[in-house]
Amino acid sequence: MSEKTTAPSPAPGTKNIKVEFEDGIAWVILNRPEKRNAMSPELNREMLGVLDALELDDRCKVLVLTGAGESFSAGMDIKEYFRETDNATPIEAMRVKRDSMAWQWRRLMFFPKPTIAMVNGWCFGGAFTPMVACDIAIAADEATFGLSEINWGIIPAGNVTRAVAEKMNTGDALYYLMTGESFDGKKACATGLVKESVPRAQLRGRVREIAQLLMKKNPHLVAAIKIAYRRVKEMDWDQSEDYLYAKAGDTYASDPERGRQKGMTQFLDDKTYRPGLGTYKRGD
Ligand code: COA
């Protein structure tokens, strides 16, 4: 009897976004290198479909957002996102903004799998929002960052100022927002904007290492923990206490791996591991 084989479905890439799968990692590549990966309305709309597809695709266990060529992203497309929508009707203009915000922070922040921004090069203005919305950001030392809005006469909207306020320390945030001066990966790390900065030659390897570490954990718990973190940041302590107990109960009840029971049994009864030093044995 012949075994039924299913051809792998194609990667959900589009005109402006390339997706590559590698051992559980989905490399989501902003792919307009000739425009320094500036984010156009078309790219923004495409990204919504890409994220929808990856959410359900088992080849994606960790999503890495990065850019083709020498750039992460030069921010919003000044021609297509700004100039060409100046005369749009209010409804058209609202749609363009909504598509952009829908993925650049909302969908990314609450994406049910871990997300890593791999900042490989130029990173300006609007690019700060998806970078900050990823769970972890790792930059190349050689990357160039800039809150360049002041340099061309706008304020950092597109939730850029909010994103900066989330991660960057206040002194640096105001300095770079007001001066538009550029800075490198090491400085981005010192301000809190990215978690680490490594030489460009090591960037992909370091990101792969972090992705592999995340993949060793119970994915159901990883998703619940990141979403809980994002939610409680906006709550007071009474609300978060209540929310977290409810979220915890729901998470354990719906955990296909029954991690909590395994963790307790292996520590308290089998004495096969120490939770302080590593994860319980998964599987079975
Ligand atoms: N929007 C639209 N087009 C952009 C763009 C953006 N944000 N960033 C770069 N491009 C386009 C350029 O217009 C140019 O197009 P062309 O080949 O049709 O003339 C092409 O990409 C290459 O840009 P160029 O400036 O020649 O590349 P560079 O390597 O010398 O410089 C940057 C790279 C990123 C420093 C420079 O392109 C830049 O300052 N971009 C704007 C960054 C910015 O302020 N972004 C904030 C937007 S909110």
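We count ligands from 1, going down the list as the structure has it; atoms in each ligand are counted the same way.
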closest protein heavy atom to atom 39 (O) of ligand 1 is F124 CE1, 5.0 Å
of all protein heavy atoms, closest to atom 20 (C) of ligand 1 is E34 O, 3.2 Å
Indicate yes or no: does K35 engage E80 in a salt bridge with an N to O separation below 4.0 Å. no
Ligand 1 atoms nearer than 4.0 angstrom to some heavy atom of M76 are 1 (N), 6 (C), 7 (N), 47 (C), 48 (S)
Does one side chain, of N159 or T129, offer a donor that lies under 3.5 Å from an acceptor on the other? no
Nearest neighbour in protein (non-hydrogen) for atom 44 (O) of ligand 1: S148 OG, 2.6 Å
Any non-hydrogen protein atom less than 4.0 Å away from atom 18 (O) of ligand 1: yes
In ligand 1, the atoms that come under 4.0 Å of a heavy atom of A38 are 1 (N), 5 (C), 6 (C), 7 (N)
Among protein heavy atoms, which lies nearest atom 42 (C) of ligand 1, and at what distance? A74 O, 3.6 Å
Hey, what's the ring geometry for Y176 with F183, parallel, tilted or perpendicular (30° and 60° as the breaks)? tilted
Could you tell me the residue and atom name of the protein heavy atom closest to atom 30 (O) of ligand 1, and the distance to it rounded to 0.1 Å? R36 NH2, 4.6 Å
I'd like to check whether I78 has a polar contact with ligand 1, where a contact means an N/O of the residue lying under 3.5 Å from an N/O of the ligand. yes
Taking the six-membered ring of F128 as reference, does the cationic atom of R162 (NZ for Lys, CZ for Arg) lie under 6.0 Å from its centre and within 45° of its axis? no
Non-hydrogen protein atom less than 4.0 angstrom from atom 6 (C) of ligand 1: yes
Are any non-hydrogen side-chain atoms of M118 and I138 less than 4.5 angstrom apart? no
What residue and atom, counting heavy atoms only, is the protein's closest point to atom 15 (O) of ligand 1, and at what distance? K35 NZ, 3.3 Å
Which residue and atom name correspond to the protein heavy atom nearest atom 3 (N) of ligand 1, and how close is it? D77 OD1, 4.3 Å
Atom CG of L268: over 12 foreign heavy atoms under 6.0 Å: yes
May I ask whether E70 places a heavy atom under 4.0 Å from ligand 1? no
Pairing of R45 and E42 as salt bridge, 4.0 angstrom limit: no
Right, does atom 12 (C) of ligand 1 have protein non-hydrogen atoms nearer than 4.0 Å? no
Regarding R204 and the six-membered ring of W27, is the cationic atom NZ or CZ under 6.0 Å from the ring centre and inside 45° of its axis? yes
Between L65 and W103, the two heavy atoms sitting closest are CD2-CZ3, 4.1 Å
